[in-house]
2 protein chains.
Amino acid sequence: MDEQILKFTRAIADDTRQRIMALLCCRWLNVSDIVEQLGGKVKQPTVSHHLKLLEDADLVHVRQEGRQHFYTLNQQRVTFCCGQLMQQFAPDYCDTVINLDAIEVQKNGS
Amino acid sequence: MDEQILKFTRAIADDTRQRIMALLCCRWLNVSDIVEQLGGKVKQPTVSHHLKLLEDADLVHVRQEGRQHFYTLNQQRVTFCCGQLMQQFAPDYCDTVINLDAIEVQKNGS
DNA sequence: TCATTATATTGATAAATATCAATATGTCAA
DNA sequence: TTGACATATTGATATTTATCAATATAATGA
């Protein structure tokens, strides 16, 4: 049982978190911005909670500027974890579909 | 919000289901076999429940022989969904890492 | 220091879900 | 048809977790 994969899949297996991930794809947003972009459907503490989960899974980068915390999606981590998923659960297709050499290995999430 | 991706991620985001998926990778097993391979930690109704979830997500193929139901992992589906995940959440890496042409498009899971 | 702003944490609640015992359904052999 | 076996379904329970209001923490400017 690969704990890394399990942690990754649990982290992304949520509606709200996937929306947040989409927002953080290719740009930096602070928490208030995310709350606003979610259209008021989700309150700030909830967003903070999800960001913490994503951070624990190493799925976001954080940068602090004054009192604002900016987040962005860690696409490299997503890539690595998807590669792991493929190796585990699609070994027969992995070689033809994925260029494993192109996936940079990262530090192990704790 | 991509319902397919959400369904996929939720289906695989579980300890026991990942163990079952690992067992069903590259081979056919019936329900009793799976229960046995899980070492008695999980009872038959629980396994049936998880298999149903995996089937709903189109992540397993089923073949019936008499009273036995044989399952195997649908690696093609895993491949497709990982490709979708990459496109959504790792667009900057997708092109260099994945050969999208090699991913056969499947019927949409209902 | 004090007030303001941004984010995190806490505590509570509701919803989702993983699990199992008991039972039902389906299949086949006698 | 009956009995045995394989799997699915039901109903109940416990755990997990998503969510929010209230509050705490942290940073900044006056």
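In this text, all values refer to a predicted model and were calculated from it rather than measured experimentally. All chains are named by letter (A, B, ...) in the order of the sequence lines, taking the proteins before the strands, and each is independently numbered beginning at 1.
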Does [N] have OP1 or OP2 sitting under 4.0 Å from an N or O in the side chain of [X]?
| X | N | answer |
| --- | --- | --- |
| Arg10(B) | dA16(C) | no |
| Thr16(B) | dT19(C) | yes |
| Ser48(A) | dT9(C) | no |
| His69(B) | dT27(C) | no |
| Tyr71(A) | dA6(C) | no |
| Thr46(A) | dC20(D) | yes |
| His50(B) | dT19(C) | yes |
| Arg17(B) | dA18(C) | yes |

How long is the line joining [atom1] of [X] and [atom2] of [N], in whole Å?
| X | N | atom1 | atom2 | result |
| --- | --- | --- | --- | --- |
| Lys43(A) | dT13(C) | NZ | C1' | 17 Å |
| Lys52(A) | dA6(C) | NZ | P | 22 Å |
| Arg19(A) | dT19(D) | CZ | C1' | 13 Å |
| Gln44(A) | dA22(D) | CD | C1' | 12 Å |
| Gln68(B) | dG26(C) | CD | C1' | 13 Å |
| Glu55(A) | dT7(C) | CD | P | 13 Å |

* Hey, are Arg19(A) and Asp15(A) close enough for a salt bridge, meaning a charged N less than 4.0 Å from a carboxylate O? -> yes

* Structure fact -> Residues Gln88(A) and Asp2(A): closest non-hydrogen pair is NE2-CB, 4.5 Å

* In B/S/- notation, 5' to 3', how is nucleotides 25-30 of chain D contacted by protein heavy atoms closer than 4.0 Å? -> --BB--

* Looking across every strand, which nucleic acid part, if any, lies under 4.0 Å from Ile34(B) by heavy atom: base, sugar-phosphate, or nothing? ->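 If one applies the 4.0 Å heavy-atom cut-off, Ile34(B) turns out to touch nothing in the nucleic acid.
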
Could you check which of [options] has an atom nearest any side-chain atom of [X]?
| X | options | result |
| --- | --- | --- |
| Pro45(B) | dT17(D), dT9(D), dT7(D) | dT9(D) |
| Val31(A) | dA8(D), dA8(C), dC20(D) | dA8(C) |
| Ser32(B) | dT9(C), dC20(D), dA6(D) | dA6(D) |

* Modelled atom types, side-chain donor and acceptor of Thr79(B) and Gln75(B), under 3.5 Å -> no

